[in-house]
Amino acid sequence: MKISKIISREVLDSRGLPTLKTYIVLSDGTNASAQVPSGASTGIHEALELRDKEKRYLGKGVLKAIKNVSLIEKALKNKNVFDQEELDKTMCELDDTENKTKLGANAILSVSLAAARAASVAAKMPLYKYLRKAFNLKEKDFILPCPMLNIINGGVHADSGLNIQEFMIVPTKQKTFSKALQASSEVYHTLKNILTQNGLATSIGDEGGFAPKLKTHEEAFKLLLKATAAAGYPNMSFALDCAASEFYKEAFYFFEGKKLSYKELSDIYSNFARNFPIISIEDPFEQDDWQAWEYFQKQAGKVNIVGDDLFATNLERLELGIERKAANSILIKLNQLGTLSQTIKVVYKAKKAGLSTIISHRSGETEDSFIADLAVAVNSGAIKAGAPARSERLAKYNRLLEIEAELGPKAIFAKDMAFKRK
Ligand code: PGA
Ligand code: ZN
């Protein structure tokens with residue numbers, strides 16, 4: 001099936017800032033689209049998100065990227081939409097830079113995802129099944145990922161005063177995905193009541209989690225403990241995304257008003273993990289502070305150590321991380337890299353090396369639910385898509401509910417599959 005047309009338009013994301021919505025029309029008339037997300041705590045090793053840097057939208061317009069989609073259209077017109085790897089390769093060659101600085105990773109990714117979606121429609125297959133076929137993935141079952149829901153927001157996503165960016169609940173003990181989502185929603189609303197009772201704000205951050213003004217991180221954990229117990233889920237686990245590159249400066253970490261070495265910060269994290277049911281810690285250190293990661297990986301025992309800014313969904317950085325034993329899990333973000341084919345390669349490289357994989361949204365999101373299908377296609381075992389609130393976050397969870405219903409008894413819930421450590 002041939003690609004006959006590619007059109008891209010500027011639309012707004014969940015922060016009200018421009019992003020691309022790209023449509024692909026096929027020779028049989030099939031028309032499908034995809035939208036790309038955008039980060040705020042963006043790592044320095046990520047592929048380039050091309051912004052206009054002109055007056056409109058405070059420099060954040062994406063009209064240049066949209067223009068580049070017309071260049072991509074010329075290169076992809078009449079190509080077979082079912083050959084995703086060839087499409088992605090052609091775009092990478094057209095760009096011909098390491099970090100997609102010429103065309104923009106946002107331009108390229110919008111086409112890459114729209115092509116896969118159009119192909120799945122033309123093949124009359126749900127996207128998650130189509131992806132398995134298109135990439136010849138040898139997965140046996142269909143595993144619904146365990147959601148990691150960020151219900152207290154800090155760092156650059158909120159003005160709560162917390163250094164740690166995300167406090168997540170992880171419902172690993174539930175029997176099904178829908179029960180896990182229900183439990184999480186109940187905890188979220190119970191937390192809201194607890195915040196109100198304590199005179200704390202219930203305003204929310206970029207990913208739908210609450211952003212109460214707290215003095216210490218310990219207070220946040222205590223609130224989570226209260227909320228999970230009061231909601232009737234005392235066994236629920238927690239996860240953190242420290243996004244530590246944001247509070248690192250010249251070899252030190254500025255945490256809770258103190259200037260800390262990586263060893264001192266490691267001790268604080270280890271204490272948190274001893275006192276609270278934390279099963280996963282993302283970006284505990286700066287993205288190039290490899291010695292800190294190696295040190296902590298040795299100390300942390302059973303905790304999942306996740307590389308987000310560290311790996312930037314980049315194959316070379318992942319290989320280096322595997323060699324240096326810097327982390328035991330990888331966060332996968334499509335727009336850190338820019339094509340679907342390259343992303344799937346990174347997922348399988350990680351899996352082969354024994355790292356667990358977490359498919360992730362960005363803080364700036366859209367109603368596109370592509371990552372839900374991707375998580376099931378590759379059996380990632382976990383997905384990070386924000387709080388159980390706000391439609392751009394719920395689009396992903398609701399799509400997973402739909403997939404779960406469609407699979408019926410064939411749907412397996414991942415539970416703690418992504419967090420099991422010997
Ligand atoms: P970002 O945050 O999308 O702002 O980078 C998400 C994360 O750090 O995981
Ligand atoms: Zn992160």
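First listed ligand is number 1; within each ligand, the first listed atom is number 1.
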Cationic tip of Arg9 above Tyr23 ring, under 6.0 Å, 45° of axis: yes
Taking a cutoff of less than 4.0 Å between a non-hydrogen atom of the residue and any ligand atom, is Ala243 in contact with ligand 1? no
For atom 9 (O) of ligand 1, what is the closest protein heavy atom, and at what distance to 0.1 Å? Lys384 NZ, 2.8 Å
Top protein contact for atom 7 (C) of ligand 1, by heavy-atom distance: Lys333 NZ, 3.1 Å
State whether the shortest distance between N or O atoms of Ala40 and N or O atoms of ligand 1 falls below 3.5 angstrom. yes
Just to confirm my numbers, could you give the angle made at the Zn ion (ligand 2) by OD2 of Asp308 and OD2 of Asp241, rounded to 10°? 170°
Ion pair present between Lys222 and Glu219, side-chain N to carboxylate O less than 4.0 angstrom? no
NZ/NE/NH1/NH2 to OD/OE distance under 4.0 Å, Lys384 and Glu166: yes
Out of Leu109, Ile108, Asp95, which one pairs with Thr339 under the side-chain contact (heavy atoms from CB on, under 4.5 Å) rule? Ile108
Closest protein heavy atom to atom 2 (O) of ligand 1, given as residue, atom name and distance to 0.1 Å: His157 CE1, 3.2 Å
At what distance is the nearest protein heavy atom to atom 5 (O) of ligand 1, and which residue and atom is it? Arg362 NH2, 2.7 Å
Of all N, O or S atoms in Glu282, identify the one at the shortest distance from the Zn ion (ligand 2). OE2
Taking the basic N atoms (NZ, or NE/NH1/NH2) and the acidic carboxylate oxygens, is any pair closer than 4.0 Å for Glu365 and Lys396? yes
